[in-house]
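Sequence lines set the chain letters: A, B, ... in the order given, protein chains first and strands last, and positions in each chain run from 1. Note that this is a predicted model, so its numbers are computed, not measured.
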Amino acid sequence: MLNKVVKNADEAIKDISDGATLMLGGFGLCGIPENCIQALVKKNIRELTCISNNAGVDDFGIGLLLQKHQVKKMIASYVGENAEFERQLLSGEMEVELIPQGTLATRCMATGYGMPAIYTPAGVGTEVAEGKEIREFNGKKYLLEHAFNSDFAIVKAWKGDSHGNLIYRATSRNFNPLMAMAGKITIAEVEELVPAGELDPDMIHTPGIYVNRIFKGENYEKRIEQITITKR
Amino acid sequence: MLNKVVKNADEAIKDISDGATLMLGGFGLCGIPENCIQALVKKNIRELTCISNNAGVDDFGIGLLLQKHQVKKMIASYVGENAEFERQLLSGEMEVELIPQGTLATRCMATGYGMPAIYTPAGVGTEVAEGKEIREFNGKKYLLEHAFNSDFAIVKAWKGDSHGNLIYRATSRNFNPLMAMAGKITIAEVEELVPAGELDPDMIHTPGIYVNRIFKGENYEKRIEQITITKR
Amino acid sequence: MLDKFGIAKRIAKELKDGYYVNLGIGIPTLVANYMPPGIEVILQSENGLLGIGPFPFEENVDADLINAGKQTVTTTKGSSFFDSAMSFGMIRSGRVDLTVLGAMEVADNGDIANWKIPGKMVKGMGGEMDLVASAKNIIVAMQHVNKAGESKLLSKCTLPITGLGCVKKVVTELGVFDIKPEGFVCIEYAPGVSLDYIKEKTQGRLVIAPDVKEMVV
Amino acid sequence: MLDKFGIAKRIAKELKDGYYVNLGIGIPTLVANYMPPGIEVILQSENGLLGIGPFPFEENVDADLINAGKQTVTTTKGSSFFDSAMSFGMIRSGRVDLTVLGAMEVADNGDIANWKIPGKMVKGMGGEMDLVASAKNIIVAMQHVNKAGESKLLSKCTLPITGLGCVKKVVTELGVFDIKPEGFVCIEYAPGVSLDYIKEKTQGRLVIAPDVKEMVV
């Protein structure tokens, strides 16, 4: 019977091997697949190409993979909060490809929607356009940007069911539903896992057809990069 | 203050004039903007170009506009259940452009997402491809299909709020959220209208930014084309 | 020779546990009635539903809940609703494991024609062109010959094409045919049907598989 | 001369009732603190939120609820969450009425440079390139000169470009400048700032509007 539930992160990532291309959901440290990242660190899978909006901070998120030199190439839109990242980049140990955030998101969607490429105006006239096809529609210039090819997508959702249906919470949604559609294999970790039939079918953000494996994550730290508060 | 609520369908369509291009949500008779269609009939706006997956039945949905010869051109994927439609088409009174359903949906999305065109494999090698650009990506052929240009999008949702946020129910969602993003002006009619703040922000299908006018519809008939039941 | 229920039953044997399946209108819809025991299959409806259930009891009919054939349906456990762009997105990206369609004609290279008859009112292609252009595994369920007695398994489609080289298998009242580079490969014949009869009724290139056997339905 | 709060206050006057607005990091974020009374403006955060509210009280901090600057925030009534593709979709399709950004340089043809300094670690463009390529109304909030005292209002950007011909207005500590075919058109000068001083500090083409007036903040 249809049951995509696996025991834990170790089982979920068991067939990810050195040199794999991974998509990792999240924006900053918000909505990142903490359990899977830790499992990737533990298993010491190397030479990874990681597609993720950001690269974590030094001691959390993708930063944990960077610390152990597991990342060969980082594809991201902003990598600002990570000193080790900067060191590896400047020393040439790691490659980085910077992509406008909307282009990154839309290229993920294109993959999940079976569209080989999209046109976006972002980056026209900039370094990003170098070597890319430019095409004018209705008097405005657009770049042709291609869908991604990713072995695995690893996402974090709030709730999920045994069929792989996912619901995200607040801004932790970000890239997660887009990447969930874009992996050859999609792994979802969730805070709450319920049997199929318990989620409202109108309120599912990622239909289970896109998800291959799901497990209930543990010990979420959910670190906050910038706590800003209103004083009473 | 931000309040997109109008009184009724008559007020919502007040500036739609002869010759306008309209998107109308719905699949078959499911999730169609019944109130606005009736108001368009009552006001007898003519020479319309209608973009909608189907053309209603003879005496309901877009069929009501056809009866009164208000439609100049119909852009749809399937127009099978309408004898008057067939008559007008064969007599040359009305023009029709048939588009694969997924292409129709994705072209609406492209409009709402600011993408001037998309690539889809649907129609390659068929009449649909005539005159269109064909391009190969990774060994597979795709057609270039353009975003729509629509003066108004008229959609039907289940619930909505005064900011224009919309939630759809079951398969009445269909083209509605896509068209809601694609009108220069978007009009939404809803079964239940609540003040801003009452809908769960995680569960909104169409963010209000896409919606210009909203009203509570009345007397929904919700006709069913094919009632199929399981006998006890 | 099979009736339409037999065709549906035979196609149902192609279903595997965990499959996501899109069933077209007509004979394909009947496939859902013959699900092999012990497996779970999720039916996709391109109007925006994963997890189509049986027709509702009369008192549960819901105008907001229909399938792609515009029939009232129910949902199964674990179902989800989505818009038509996402629906065709999952079709285009190859997430649907099996697509079963009817057809007017199939060619021995996998071309399919099933949307338009010249001279007749054209109703439209609906989602057919999207499905045939993208689905990774397409089985056609149809009668072997048309009403005029002419073969629908052809060397070349005569009707306007819906999609090119996309059909993987054809199941008719006469047998089961894989589409391979060498043409229609008959792998099973229906009970009471001779291979000679199949040859007579097949206009396109036909090859009888060395291990051809009688269909068990 | 204005401080950064003055710049934010002046930009806030550009807000109109019912506007959807995207405020960048830095001075632009401050604009939210000076909303004109009696109007309602919805703030968009490109990580996937319409309706950014004030920072939370300490006990309401929520790790799942941040703005594009990764700061904890709250939501206002009528807010909605969505994924990043839809977020940039609404930006690209021109639904955001006003975008306020910081910049390193602006050229008198509306070009903007704000993502990269050669020789320094490149952190990335985030959503800036998408915003500047698509937003229909972009106001830049920045200092008139850099730390070396050089004008940031140039005839041509010297730093790597973020977007071409997109900036409509620049507000600095010295004044308000519309970008028109003739260059930077000074329509307001800050209290205590002379037009001569503005001319001295502006390297790009500068035109003083005939009806130039002192800014009221």
Side-chain angles (χ1 to χ4, degrees), chain A residues 27-31 53-54 76-81 85-86 89-90 96 98-110 120-128 140-143 158 168-178 205 220-232, chain D residues 29 45-49 52-75 79 81-92 111-113 115-116 120-134 160-166:
Chain A
F27 175 87
L29 302 179
C30 181
N53 190 56
N54 312 90
S77 89
Y78 191 80
V79 292
E81 344 288 359
F85 183 96
E86 186 166 346
L89 180 62
L90 295 175
V96 68
L98 292 169
I99 296 180
Q101 194 176 332
T103 303
L104 184 66
T106 314
R107 287 175 64 188
C108 292
M109 187 182 73
T120 176
V124 169
T126 76
E127 288 178 15
V128 166
K140 188 174 166 96
K141 290 194 173 72
Y142 295 82
L143 298 186
W158 179 37
Y168 309 91
R169 188 172 167 276
T171 56
S172 73
R173 192 181 318 182
N174 55 63
F175 285 84
N176 282 302
L178 306 166
H205 297 130
Y220 282 104
E221 178 178 336
K222 291 198 183 187
R223 196 184 294 186
I224 298 173
E225 274 182 80
Q226 296 203 44
I227 299 184
T228 43
I229 59 169
T230 296
K231 293 226 163 63
R232 284 188 192 274
Chain D
T29 303
S45 192
E46 64 265 30
N47 55 322
L49 165 59
I52 311 175
F55 295 143
F57 292 123
E58 194 162 9
E59 65 274 23
N60 297 329
V61 163
D62 180 347
D64 288 338
L65 181 46
I66 63 172
N67 65 16
K70 291 159 194 163
Q71 298 171 311
T72 47
V73 293
T74 56
T75 59
S79 65
F81 297 111
F82 34 84
D83 66 47
S84 302
M86 181 180 267
S87 184
F88 284 94
M90 56 186 70
I91 288 167
R92 268 199 306 268
D111 291 356
I112 180 171
W115 78 285
K116 184 175 177 177
K120 286 207 181 175
M121 159 77 181
V122 184
K123 295 189 168 185
M125 66 294 280
E128 294 281 299
M129 281 193 186
D130 306 274
L131 281 161
V132 300
S134 299
I161 290 289
T162 311
L164 298 175
C166 53

Region of Thr162(D) in contact with chain A, defined by heavy-atom distances below 4.5 Å: backbone
So what's closer than 4.5 Å to chain D heavy atoms on Asn176(A): side chain, backbone, both or neither? neither
Between Leu164(D) and Lys141(A), is there a side-chain heavy-atom distance shorter than 4.5 Å? no
State the CZ-OG distance between Phe27(A) and Ser45(D), to the nearest 0.5 angstrom. 6.5 Å
Test item: Lys116(D) and Leu98(A) side chains (from C-beta on) under 4.5 Å apart, heavy atoms: no
Rounding to 0.5 Å, atoms CD1 (Ile161(D)) and CD (Glu127(A)) come to a distance of 10.0 Å
Would you say the side-chain atoms of Arg169(A) pair up with the backbone N or O of Asp64(D), donor to acceptor, closer than 3.5 Å? no
Least distance between heavy atoms, Gly163(D) atom then Thr126(A) atom: N-CG2, 4.2 Å
Of the backbone (N, CA, C, O) and the side chain (C-beta and beyond), which part of Ile99(A) lies under 4.5 Å from a heavy atom of chain D, both, or neither? backbone
Between Met129(D) and Gly123(A), which heavy-atom pair has the shortest distance, and what is it? SD-CA, 3.8 Å
Rounded to the nearest 0.5 Å, how far does CG of Asn53(A) lie from CG of Asn47(D)? 9.0 Å
I'd like to verify something: which residue of Arg107(A), Lys222(A), His205(A) has the highest number of heavy-atom pairs under 4.5 Å with chain D? Lys222(A)
Best-contacting candidate, Ala133(D), Ala63(D), Gly126(D), against chain A by heavy atom pairs under 4.5 angstrom: Gly126(D)
Checking side-chain contact (heavy atoms from CB on, under 4.5 Å) against Thr171(A), which of Asp62(D), Thr75(D), Ile66(D) comes through? Ile66(D)
Scored by heavy-atom pairs under 4.5 Å with chain A, the best of Ser79(D), Ser87(D), Ala68(D), Gly89(D) is Ala68(D)
Distance-only, no hydrogens or angles: does the Gln101(A) side chain make a donor-acceptor pair with backbone N or O of Gly127(D) under 3.5 Å? yes
Flag the one option from Glu225(A), Arg232(A), Arg223(A) with the top tally of heavy-atom pairs under 4.5 Å to chain D. Arg232(A)
Under the side chain to side chain contact (heavy atoms under 4.5 Å, CB included) rule, what do Asp83(D) and Tyr168(A) come out as? Steps first, then yes or no, please. CA-CA 10 Å; Asp83(D) 66 47; Tyr168(A) 309 91; over 6 Å; no
Should Glu128(D) and Tyr78(A) count as side-chain neighbours, where that means a heavy-atom distance under 4.5 Å? no
Calculate, to the nearest 0.5 Å, the distance between atoms CG and CG belonging to Leu49(D) and Asn174(A) respectively. 12.0 Å
Given that the side chain runs from C-beta out, which part of Tyr142(A) has a heavy atom under 4.5 Å from chain D: side chain, backbone, both or neither? neither
Within the supplied structure, the quantity of interest is the number of heavy atoms (other residues, nucleotides, ligands) at a distance under 6.0 Å from Glu58(D) CD; does it exceed 12? no
In the structure I gave you, are the side-chain heavy atoms of Pro121(A) and Arg92(D) within less than 4.5 Å of one another anywhere? yes
Side chains of Met121(D) and Val79(A), heavy atoms from C-beta outward: is any pair under 4.5 Å? yes
With chain D, the option among Gly28(A), Ala105(A), Ser77(A), Ala76(A) that has the most non-hydrogen atom pairs under 4.5 Å is Ser77(A)
Can you say whether Lys140(A) sits under 4.5 Å from chain D via the side chain, the backbone, both, or neither, judging by heavy atoms? side chain
What part of Ile227(A) lies closer than 4.5 angstrom to a heavy atom of chain D: side chain, backbone, both or neither? both
Tell me if a side-chain donor or acceptor on Thr72(D) pairs with a main-chain N or O of Thr228(A) at a distance below 3.5 Å. yes
Best-contacting candidate, Pro100(A), Cys108(A), Ala122(A), against chain D by heavy atom pairs under 4.5 angstrom: Pro100(A)
CD/Gln71(D) to CD/Gln226(A) distance, rounded to the nearest 0.5 angstrom? 5.0 Å
Looking at Ser172(A), Ala170(A), Gly31(A), Pro177(A), which one has more heavy-atom pairs under 4.5 Å with chain D than the rest? Ala170(A)
Gap between atom NZ of Lys123(D) and atom CD of Glu86(A) - 0.5 Å precision: 6.5 Å
Interface check, chain A: of Met86(D), Glu46(D), Glu59(D), most non-hydrogen pairs under 4.5 Å belong to Glu59(D)
What residue, out of Ala85(D), Pro56(D), Gly124(D), has the most heavy-atom pairs lying under 4.5 Å from chain A? Pro56(D)
Tell me, for Asn67(D) versus chain A, whether the close heavy atoms (under 4.5 Å) come from the side chain, the backbone, both or neither. backbone
So, the part of Val132(D) with a heavy atom under 4.5 Å from chain A: the answer is neither
Thr230(A) side chain to Phe55(D) main-chain N or O, any donor-acceptor pair under 3.5 Å? yes
